[in-house]
Amino acid sequence: MDDMIRKAPLFSALDDEAAGALRRSMAEINLGRGQVLFREGDAGDKLYVVADGKVKLGRTSSDGRENLLAILGPGEMFGELSLFDPGPRTATATAVTDTQIFALGHTELTTWVSGRPEVALSLLKQISSRLRRTNEVIGDLVFSDVPGRVAKALLDLSSRFGVQSDDGVHVGHDLTQEELAQLVGASRETVNKALADFAGRGWIRLEARAVVLLDLERLSRRAR
Ligand code: CMP
């Protein structure tokens, strides 16, 4: 089984045999960039785990503006809210790159959760860490300026997608400037200005759909 999937919260608590059985009960879905898996407001009956690629979770305001809640990568799950708190999907899930996803029906998941308390605990752990992160994001929206939020978003993306290279941490986020702005919750112009400022100071280098973090220390200080 793929290493990333093995480490996913749904699987990490299981022994190899049980993890294999769980994996076999999941359906594989392949999406291309921009393809929508489900939309906010849809009825949902599945939980998903990203195997490869990236998924963005977004919400649209009544006047049509988009906000991104999160970018998820390999090993991360989503779609559990409509199961544990029955109701429509709270966000739209769209592939950011070519993406492979595994899907588990709510009925099968319920069987696993009832039979294996360790699966339930792992799920609670991931939901708790998501709440922790969401509280941070809310705090930053209130207390931090846009450059501070941009610095934080870059560090967050790097912790998930960063690869150490010779001159810094290469973060292939695959996001457009518009998507980056939606993730930070600010206008494209303000976010671009912050990025250009960081680049001018030598903290980052901008590349197409990627950024290289050159000075983690200064970026972290700016994110505080
Ligand atoms: P569900 O509401 O079924 O569909 C959308 C999914 O997005 C939701 O389940 C969660 O899995 C995920 N999601 C919602 N809010 C957040 C958030 N703040 N951070 C990360 N993921 C989220």
Side-chain angles (χ1 to χ4, degrees), residues 4-5 7-12 22 26-27 29 31 34-62 65-97 99-113 119-144 149-150 152-161 173-175 179-186 223:
M4 285 317 287
I5 284 297
K7 283 190 209 122
L10 200 54
F11 293 92
S12 59
L22 175 57
M26 296 177 90
I29 299 170
L31 301 173
Q35 251 183 298
V36 173
L37 180 63
F38 58 72
R39 287 187 193 281
E40 184 181 351
D42 285 356
D45 64 351
K46 286 186 184 66
L47 168 137
Y48 301 93
V49 178
V50 181
D52 191 29
K54 294 181 189 78
V55 169
K56 63 174 181 178
L57 297 168
R59 306 185 59 147
T60 310
S61 68
S62 50
R65 285 174 302 160
E66 261 212 64
N67 165 241
L68 291 182
L69 294 171
I71 309 292
L72 305 185
E76 294 184 281
M77 69 160 190
F78 61 101
E80 76 294 335
L81 291 189
S82 351
L83 166 66
F84 297 124
D85 180 22
R89 295 288 190 198
T90 56
T92 299
T94 312
V96 175
T97 53
T99 299
Q100 185 191 40
I101 294 170
F102 293 130
L104 184 67
H106 282 175
T107 317
E108 287 84 24
L109 178 64
T110 307
T111 309
W112 276 95
V113 168
V119 172
L121 281 173
S122 305
L123 290 174
L124 281 172
K125 186 169 172 221
Q126 183 160 345
I127 294 169
S128 305
S129 93
R130 180 173 293 164
L131 181 58
R132 213 184 259 272
R133 183 184 164 273
T134 303
N135 284 347
E136 282 238 351
V137 171
I138 294 172
D140 291 341
L141 281 172
V142 177
F143 300 123
S144 297
R149 277 156 34 207
V150 171
K152 194 119 178 207
L154 294 178
L155 291 167
D156 183 44
L157 288 168
S158 102
S159 70
R160 242 120 24 97
F161 306 114
H173 53 65
D174 292 305
L175 302 173
E179 287 169 327
L180 255 183
Q182 290 167 352
L183 186 64
V184 170

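Counting begins at 1 with the first residue of the sequence. Note that ligands are numbered from 1 as they come in the structure, with each ligand's atoms numbered from 1 the same way. Predicted model, so just to flag it, every value in this text is computed and none were measured.
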**Fill in**
In this structure, CD1 of Ile101 is separated from NZ of Lys46 (nearest 0.5 Å) by 12.0 Å

**Request:** Measure the acute angle between the ring planes of Phe78 and Tyr48, then classify it against the limits of 30° and 60° as parallel, tilted or perpendicular.
**Result:** parallel

**Sub-4.0 Å heavy-atom approach of Ala91 to ligand 1** = yes

**Heavy-atom nearest neighbour in the protein, as seen from atom 2 (O) of ligand 1, with distance rounded to 0.1 Å** = Thr90 OG1, 2.7 Å

**Message:** If I apply the N/O under 3.5 Å rule, does Thr134 come out as touching ligand 1?
**Reply:** yes

**Prompt:** Please state which protein non-hydrogen atom is closest to atom 13 (N) of ligand 1 and give its distance, to 0.1 Å?
**Reply:** Leu57 CD1, 3.9 Å

**Request:** Report the C-alpha separation of Thr60 and Glu66 in whole Å, then their side-chain angles, then the decisive distance to 0.1 Å, and conclude whether the side-chain contact (heavy atoms from CB on, under 4.5 Å) test is met.
**Result:** CA-CA 4 Å; Thr60 310; Glu66 261 212 64; 3.8 Å; yes

**Asked** Taking only heavy atoms of Phe78, which atoms of ligand 1 are found under 4.0 Å from at least one of them?
**Response** 11 (O)

**Prompt:** After noting the C-alpha distance and the side-chain angles of Glu136 and Lys152, does the key distance pass the side-chain contact (heavy atoms from CB on, under 4.5 Å) rule?
**Reply:** CA-CA 10 Å; Glu136 282 238 351; Lys152 194 119 178 207; 2.8 Å; yes

**Asked** Any side-chain heavy-atom pair from Val55 and Leu37 closer than 4.5 angstrom?
**Response** no

**Message:** Using a 3.5 Å distance criterion without hydrogens, assess whether the side chain of Gln126 forms a donor-acceptor pair with backbone atoms of Leu123.
**Reply:** no

**Asked** Out of Arg130, Glu40, His106, who gets a non-hydrogen atom closest to atom 10 (C) of ligand 1?
**Response** Arg130

**Request:** Without swapping roles, check the side chain of Thr99 against the backbone of Lys54 for a donor-acceptor pair under 3.5 Å.
**Result:** yes

**Message:** Under 4.0 Å, heavy-atom basis, I'd like to know which part of Ser82 is in contact with ligand 1: side chain, backbone, both or neither.
**Reply:** both

**Prompt:** In terms of residue, atom name and distance, what is the protein heavy atom nearest to atom 6 (C) of ligand 1?
**Reply:** Gly79 N, 3.8 Å

**Min side-chain heavy-atom separation Thr110-Leu83 under 4.5 Å** = yes

**Prompt:** Can you find an N/O atom of Pro88 closer than 3.5 Å to an N/O atom of ligand 1?
**Reply:** no

**Prompt:** Among protein heavy atoms, which lies nearest atom 16 (C) of ligand 1, and at what distance?
**Reply:** Leu69 CD1, 3.9 Å

**Message:** Could you tell me, atom by atom, which parts of ligand 1 come under 4.0 Å of a heavy atom of Phe38?
**Reply:** 4 (O), 5 (C)

